[in-house]
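Step one of this worksheet: look at the structure below.
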Amino acid sequence: MLARVTKCLAAVAAVLLLGGAGQSCGEPGRLCASAAPVASAPQRIVLMLPLRADGLRDAAEAVRDGFMTAWQRDQAGFTVEVVETGGGQQEALDAYRAAVDKADLVVGPLARSAVAAVAASPAAGKPTIALNTPGPDAAPLPAHMLSIGLSLDEDARRIADWADNALPQGKALIVSGAAPWQRRVAAAFLAQWRGLGRAAADLELDTSLGRIADDSLAQLPQLVQQEKIALVFVALEPEQAREVRGACGVDLPFFATAAANPGRNPGLPLVELNGMRLLDLPWELQPDHPAVMAYPRRPVYELAPDLDRLYALGIDSYRLARELLLHPGQPVRLDGVTGLLSVRPANGVLHFERRASTATYRLGGFDNVSAIP
């Protein structure tokens, strides 16, 4: 009898320590005590990604890996279900409708077209973190839906504000290639720059052969001189940016998005890019950032910078989902691996903002890293 009482008391202690509803005393159907409060059910997050879409699988896997890495670090009180979809809008919409029935919060979709389809659907009634923007012509996002996708267009507008503050006088030269993303980013900078009342010249380089044509590059020195250019903004990749910087002259202030970031590689510095000012994620610029140091890197993604950024997006999407569920209806601020993140509820609508980091490239590393003002 004494042994059974002792066993029961030990089980009660375990309940009090673990926060469970009760523990068996060793007799079927009998609980020793119910003095401890019943643990609340874990909150359910559904992560919806196009893991079955050939053109999107790599990106979806990077987001998933980052998301699960963050969940494994702070999983207490939360369950995650990964839902795989293809790349079609209707399939994504059907998956979303099923997800909202069982989730407290949905993360996804990832494809821009799928985000637009969900945003336009009456099914979007649960808190949702979309991983892309729905596009400029899409309907406004529903009240409980955030878009936290990484956008070079938005970065270009931020860089225009940054350049305007840094150099309040002078004309900008905006240089891009012929790729659709390059044209779009250049247009975003140009619109913001002119909206600030600033003058600009723009040039699209011939990149049809996979590199900048020599006659295209030859235009640059004369254009810089004739237009009295005070700064250059490029919507280009690192090697293209290097060629343009060499042609324009390394003394001109030179601004770029993350697409031109050659990364941390002291063994292969692009000397011509020394002094380039760029906007990128803390994940790429600040290895000693407290949040960045908290999560393991994946070498396979470090070799592919775009996927590495999506891995970081996955980390922050879980962290943000967790904060929104822990503090429903409250403002949220997060010093994340993709920037300073804030969610502000106003009139029943959630407003999201990300402030990435500015830096100066210097011989395979970065100086003057700080959050953009």
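Values reported hereafter were calculated over all heavy atoms of this structure, with side chains retained and with hydrogens, waters and symmetry mates removed.
- Between Q90 and D94, the side chains place a donor N or O and an acceptor N or O closer than 3.5 Å (distance only, hydrogens not considered).
- Under the side chain to side chain donor-acceptor pair (under 3.5 Å) criterion, D202 pairs with no residue, sequence neighbours left out.
- Identified under the salt bridge (Lys or Arg N to Asp or Glu O under 4.0 Å) test for residues 103-115, with sequence neighbours left out: R44-D104.
- Remark: side-chain polar atoms of R277 are not paired, donor with acceptor, to backbone N or O of W162 under 3.5 angstrom.
- For the pair E154 and R354, the salt-bridge criterion is not met [side-chain N within less than 4.0 Å of a carboxylate O].
- Contact record, G339 with P282: N-CD, 3.4 Å, taken as the closest heavy-atom pair.
- Contact check on R319 versus D316 returns a salt bridge, with a Lys/Arg side-chain nitrogen under 4.0 Å from an Asp/Glu carboxylate oxygen.
- Looking at R355, its side chain never comes within 3.5 Å of a backbone N or O of L340 through a donor-acceptor pair.
- With D308 as the partner, the salt bridge (charged side-chain N to carboxylate O under 4.0 Å, His left out) test is satisfied by one option alone out of R298, R297, R264: R297.
- No side-chain N or O of T257 forms a donor-acceptor pair with one of D155 less than 3.5 Å apart.
- Here the closest heavy-atom approach between residue F255 and residue I159 is recorded as CB-CG2, 3.9 Å.
- Of all heavy-atom pairs spanning S357 and Q286, the tightest one is OG-OE1, 3.0 Å.
- The shortest non-hydrogen separation linking L270 to Y361 is N-OH, 3.2 Å.
- Closest approach of A119 to L141, counting heavy atoms only: CB-CD2, 3.9 Å.
- L47 and V337 fall within the same hydrophobic cluster, defined by Ile, Leu, Val, Met, Phe, Trp and Tyr side-chain heavy atoms under 4.5 Å apart, directly or through other members.
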